[in-house]
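Written out below as structure tokens is the structure these notes cover.
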Amino acid sequence: MQKFFIFFLLIIITTSSLSQNIQRPKLVVGIVVDQMRWDFLYRYYARYAENGGFKKLLHQGFSCENTMIPYAPTVTACGHTCIYTGSVPAITGITGNLWWDFELQKSVYCTEDASVKTVGNNTESGLQSPRNLLTTTICDELRLATNFRSKVIGIALKDRGGILPAGHSANAAYWYDLKTGDWITSTYYMNDLPAWVKNINAQKSVDNYYKQGWNTLYPLNSYVQSTPDEKSYENKTFGADAKGFPYNLNKFIGNNYNVVEATPFGNTLTAELAKAAITNEQLGTDSITDFLAVSFSATDYVGHSFGPNSVETEDTYLRLDKDLGEFLNFLDSKIGKDQYLVFLSSDHGVAHVPAFAIENKIPAGNINQQTLYNKMNADLKRKFGKDGLLITIENYQVSLNLPLIQSSSLKLDEIKSYLLDYLSKQEGIAQAVDLENIISTALNAKQKEMLINGYYPTRCGQIQLIFQPQWIPDFLSGGTTHGVWNPYDAHIPLLWYGWGIKPGKLNREVYMTDIAPTIAALLHIQMPSGSVGNVITEIMK
Ligand SMILES: [Zn+2]
């Protein structure tokens, strides 16, 4: 009798502990909007759709209004890495999209990997993997936490926008091959594309978007948040003969798969692949949480070409709002309302087009880096008697030829102090800093902290250039860029929505590094291996 009693007691205990399993969403969807400044949430607010993406996230979700990037350079690879690792370039080793590597003595692209092959076509566009990333991402931690039963997929037009977030142990990352218009991957992940990706590639829907052309969603004269179309400082992305809206894209059909990236349709293609991945890989259909990391890259290409004050950028955000709204509706019907967790952020912001700023009496300018490089190299030769003492100016840093300096027994300190003096006197450069001695340099504390967070010695230059506000490198004939410490590059949106999220707004300052540890806390999993962020507790139900 007693035996039976204990037996039943055991059954009760085991079943009740089963029903008290850790609660997790069925699916986490991370959305990065490439080059989206925080103020774009409000700049175009009046025309975001009531049932679109941004207003839904703002009103039914939680917005961290003052989310800052805590490092420089504020570029794509570092941004995607930081969001998903909760860490900074000084720890992740991802110090730029491209860097001069002093160990390898060569220029390295953030996701390049010569040991893998392209899957999906015969180009070299797929020789990519996350191997240069030194830490785990939140997606790796989810995989580890569930003994690899969670599915993780990364998707973006840009290889680095899908690969770095998805992490080392991802099931797949897909990116867009601008030579062929195909979605591809690499042998790092698999040896053959899944049938559903092949089917999408066979449709070549990019040609349909070219056929349709790019006209504005609303009458052109209603774009009151933008300068009139066709300013001389916009890039001629669609050819020298393109005369503004409406853009006829017929000439690109079947021969140019590249320019779609600088249209809102690049984002639509990405959303289509994201939806197909959820359906065909059955993401979010069982009790094991899956993770889809999506990045919308087209906003960045449009922004670089036309600038944040252009009709092109405004129209791209109005269209992205619609795509996001549809995507959220799709998640509601496929996964179930409140069964999935969404966050939306950006990898960096953007500066105004310098010529636009100057036209409106705002201090700004361009620095021709090639001219600067040539002049410095020639000066160094005259002064120190050696050619090629300079290697690159990349990520606002000057990399010196350390092996040459060593072998010719020149004094590194003398070369550095000559350059620091020279660079500080150049128009548009506020300060040049010896990165090794940054601690003892008189520099604003915010700038100092951001630069130290970006400094991984063997993947960084020796001298850091700090430009004056709104001064940018290159883009001499038009367009703009990003990458510096200033708020226009470093203040990003951060929206949370769905499972476990309490609607609301937070005005205290939080950081890009806080995103991954907050997801870790929501999911009850370990923080990524290099995380330095803090949990944003206010968003939680
Ligand atoms: Zn960019």
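Index from 1, following the sequence. All ligand and atom numbering here is 1-based and tracks the order in the structure. All values below were derived from every heavy atom in this structure, side-chain atoms included, with hydrogens, water molecules and symmetry-related copies excluded.
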_Ion pair check, Asp323 and Arg319, cut-off under 4.0 Å_ = no
*May I ask you to decide if the ring planes of Phe343 and Tyr84 are parallel, tilted or perpendicular, using 30° and 60° as cut-offs?*
tilted
*Carefully, step by step, assess Ser295 and Lys158 under the rule side chain to side chain donor-acceptor pair (under 3.5 Å).*
CA-CA 8 Å; Ser295 177; Lys158 292 184 183 178; over 6 Å; no
*So, Thr136 and Glu141: side-chain donor and acceptor under 3.5 Å apart, yes or no?*
yes
*So how many protein N, O or S atoms does the Zn ion (ligand 1) have within less than 2.8 Å?*
4
*asked:* Here's one to test your reading of the geometry: is the NZ or CZ of Lys322 within 45 degrees of the ring axis of Tyr48 and under 6.0 Å from its centre?
replied: no
*Apply salt bridge (charged side-chain N to carboxylate O under 4.0 Å, His left out) to Asp207 and list each qualifying residue two or more places apart in sequence or on a separate chain.*
none
